[in-house]
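So the structure is just underneath, and the comments pick up after that.
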Amino acid sequence: MPAEALLTDLTDPQREAVTHRDGPLLVLAAAGSGKTRVITRRAAWLATHVGAGHVLAITFTNKAAEEMRQRIAALGAGRGLTVGTFHSFCARLLRQHADRAGIEANYSIFDQTDRGRAIKDAISRCELASEAWKPSNVELRISQAKNHMLAPDRMLTEAVDFRDQTIARIYAQYEHILTENNALDFDDLLLRVAQLLDRDKALRGELEERFAYVLVDEYQDTNRAQYLIARRLTETRRNICATGDPDQSIYGWRGANLANILDFESDYPDAKVVRLEQNYRSTRRILRAADELIQANQRRKEKQLWTENPEGVGVCGFIYDDAQDEADGIAEQIARLHERGRSLGQIAIFYRVNAMTRVLEEAFRKKALSYQIARGVEFYNRREIKDVLAYLRVMVNPSDEISLVRIINTPARGIGKTTIDRLRAHARETGRRSIDLVAAAETVGNLKAAAAKRIGEFAALLEKLRKVAAGDSVREIVEKTLSLTGLERTVADQAGGDSDQVGNLAELVSAAAEYDQEHTDQKQPLQGWLEQVSLVSDVDKLDGAGAVSLMTLHAAKGLEFDVVFIAGLEEGLLPHLRSRDSADELEEERRLCFVGITRARQELYLSYALYRSLRGSTIRTVRSPFVDDLEGADVEWHDRSGARDARPRRRAARSEAERLALRWRVGQLMYHPEYGTGRLVRLDRSGSRTMARVRFTAYGEKSFSVEHTELEAVEIDGDFEQ
DNA sequence: ACGCCAGAAGTTTTT
DNA sequence: CTTCTGGCGT
């Protein structure tokens, strides 16, 4: 395909973005503005002009990477282009340059389960009680530290209290455990590459030479480490192309920094900026709803969204009685759409939390509608799957003690906790690896003879597996592991034959087979496969054929469907409870809803239920403030009686909390149980909620929703202190 | 060493 | 309402 043909069906701004050659480029692409097409064409255009080998494209999911690869192949732009997610790109880079990164190339990638285990170990090695130092909390703090590229020693010196000091100590111990295990966690993959590029100028030079043109998609969701990686890779040539949309930033909780995209122009003063504002995806009505909603965000760059698409059918809202009713209602509507010829593969349901899938699944089964759920990650977190993978990980990386401990008595072979503890303790005392003691159990003095014998048998099993693992068909390796270890039999026996565990194992084998087919000349196929399964994202295995797609709003990013349902528009669910205290988080929730709406091409259905049961008890819900935000858009609301125009009325009276807040004045003292006293610096009554902004000496400024916060005014002698 | 049972705890999103 | 964990009994 001649290069010019890449451009014929593009609009002017699109063509501008595609053919910009040297220097920084920012593509601010509104939802549905043909961004995917632009970056694909741009990658292809660059490939034909500078050579595919010089182009690096970073996508947000593996699925997006795969699609890009295929589209570029279809455009005939040749092979040799590097496409992947930040995580997969970094994982590969760290293997290739393991020596320079200071790790071994066969390192394991720890997922959250492994990380949780390692953190628990770290806490106990610090001789702390896991009740007082909750692993989940410690985990969060460590992840945040890594996202800010903060090392344990610096965290320790910067710690202001005992709590922070202790966290830093656990963090240091955790890092030590990772090293012992020859393992990296997800954050490390990015962090290590960022550090490596900083430290190793020679390598950076090489990479800059190789990847002379770098494209980063979904730039609004990059975190600090990702930002630095992109920046370092393009230090000399400055050929960075960032694409994204600030209104679709939804990963702030994972360390994504909206400032990365907002400050691009000041980072690169010579940047060319292309705005793609025409929407080609949605009907006018859908786009109006999206725009109406996002307008409610204060922290935002104003943007003109427009389309030449037809008006389309009305956006519908449905008020259901409860979650089950909602699920049934949605299933019923989908059945009707299907009868009228709508393909199931073009229909999707989005929701805020995974817990909502259950009722939906039941409803779909009742109606015999086929569906697929986007949850690749969950599959690889299943116990039976993790067990198999742990065996394989030990084969590839014998230092991986977390995996070793997982399999040493799985399936049960009479090696109990006491034995394992003794083995590990002895390993620590002698400075040897547990795996080496397994192979020489008789040398571990304090083991009982029977236990040592069983460990010896286990060692023989590992030896057998090691020979198997040297093979070059991953499928065969997986199959033989299943049979030699007895995992297959155990699962079949326990499950009585018909649970989905057996099916999961079969699925794992076919995943391995698929990998074999796609990677015929891989030097280390097992290692490669393990890496791939460690880094799967939820949407990776969605295939769009013949089934309704169910997924979280987060997973919906980057996808599009003819018909979209968004369920559970309720206060506390969407926006989620966790966002109640912070204006920024509330805005992120609104963006999340915006992302959902803008996935729809032709039809959009919103819904909420009047009652929802949560953890056993059923509560009366309050509809989402986003429903009120949409009041200016012509959404037609129906209630369960079928009555049309059941348009939600505005909340009649101010709540008690809001009435109290009417007496607050900017400048007065406030008290918050978590942050202490602070001064009120702003009161914002413009949105659907009243927001108060308070400056605390120790914590800086925080925003609170008056409706929900525990913030109160400090009163002195019955009057406010001024 | 293992398996069962009772009780507690859990409130989001994911590479 | 679940899922996991820890303790206790065999």
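Each chain gets a letter, A, B and so on, in the order its sequence line appears, and its residues count up from 1.
- If you take CD of A/Glu362 and P of C/dC1, they are 13 Å apart, rounded to a whole angstrom.
- With both ends at atom P, the span from B/dT13 to C/dC4 equals 14 Å, rounded to whole Å.
- The interatomic distance linking A/Asp188 (CG) with B/dT14 (C1') rounds to 16 Å, in whole Å.
- Within 4.0 Å of A/Arg115, counting heavy atoms only, lies no atom of the nucleic acid at all.
- Heavy-atom distances to DNA chain B give each of A/Ile250 and A/Lys134 a nearest nucleotide, and the one nearer the 5′ end belongs to A/Lys134.
- Distances shorter than 4.0 Å separate some side-chain N or O of A/Thr419 from OP1 or OP2 on B/dA1.
- Checked by atom type and distance alone, the side chain of A/Glu139 never pairs as donor or acceptor with a backbone atom of A/Arg115 at under 3.5 Å.
- For A/Val353, the side-chain atoms get nearest to B/dT13 when compared with the rest of C/dT3, B/dT13, B/dT14.
- Which of C/dT5, B/dC2, B/dT14 sits closest to the side chain of A/His554 comes down to B/dT14.
- At least one side-chain heavy atom of A/Leu553 sits under 4.5 Å from a side-chain heavy atom of A/Leu574.
- Within 4.0 Å (heavy atoms only), A/Asn409 reaches sugar-phosphate atoms of the nucleic acid but no base atom.
- Rounding to the nearest 0.5 angstrom, the gap separating the CG atom in A/Asn181 from the CZ atom in A/Arg393 is 9.0 Å.
- In this entry the distance linking NZ of A/Lys417 with P of B/dG3 reads 17 Å, nearest Å.
- Between the C1' atom of B/dT13 and the OH atom of A/Tyr251 lies a distance of 7 Å, rounded to the nearest Å.
- Toward the 5′ end of DNA chain B lies the nearest nucleotide of A/Ala412, the other residue of the pair A/Ala355 and A/Ala412 mapping further downstream.
- Distances were taken from every side-chain heavy atom of A/His87 (C-beta onward) to each of B/dT13, B/dT15, B/dT12; the shortest belongs to B/dT15.
- Within a 6.0 Å radius of CD in A/Gln324, other residues, nucleotides and ligands contribute 12 heavy atoms or fewer.
- Taking 4.0 angstrom as the limit, A/Thr61 places none of its side-chain polar atoms (N or O) nearer than this to OP1 or OP2 of B/dT15.
- Comparing B/dT15, B/dA1, B/dT12 by their nearest atom to the side chain of A/Ser537 picks out B/dT15.
- Between the CD atom of A/Glu588 and the P atom of B/dT12 there is a distance of 15 Å, given to the nearest Å.
- Contact annotation for A/Thr418: backbone-only contact, meaning every heavy-atom pair under 4.0 Å involves sugar-phosphate atoms and none involves a base.
- We find that CG of A/Leu140 is positioned 13 Å from P of B/dT11, with the value rounded to whole Å.
- For B/dT14, the base is not stacked against the aromatic ring of A/Phe186, per a cut-off of 5.5 Å between centres and 30° between planes.
- Atom CZ in A/Phe86 sits about 20 Å away from atom P in B/dT14, given to the nearest Å.
- With hydrogens and angles ignored, the 3.5 Å screen pairs no side-chain donor or acceptor of A/Thr618 with any backbone N or O of A/Arg612.
- Within a 6.0 Å radius of NZ in A/Lys134, other residues, nucleotides and ligands contribute 12 heavy atoms or fewer.
- As a whole-Å value, the separation of A/Asn381 CG from C/dC4 C1' is 15 Å.
- Backbone-only engagement by A/Asn354 is indicated by non-hydrogen atom pairs under 4.0 Å involving sugar-phosphate atoms exclusively.
- Here the nucleotide nearest the side chain of A/Arg454, chosen from B/dT13, B/dT15, B/dA1, is B/dA1.
- Within the nucleic acid shown, A/Ser88 has no heavy atom closer than 4.0 Å to any nucleic acid atom.
- Among the nucleotides B/dT11, B/dT13, B/dT15, the one closest to the side chain of A/Gln112 is B/dT15.
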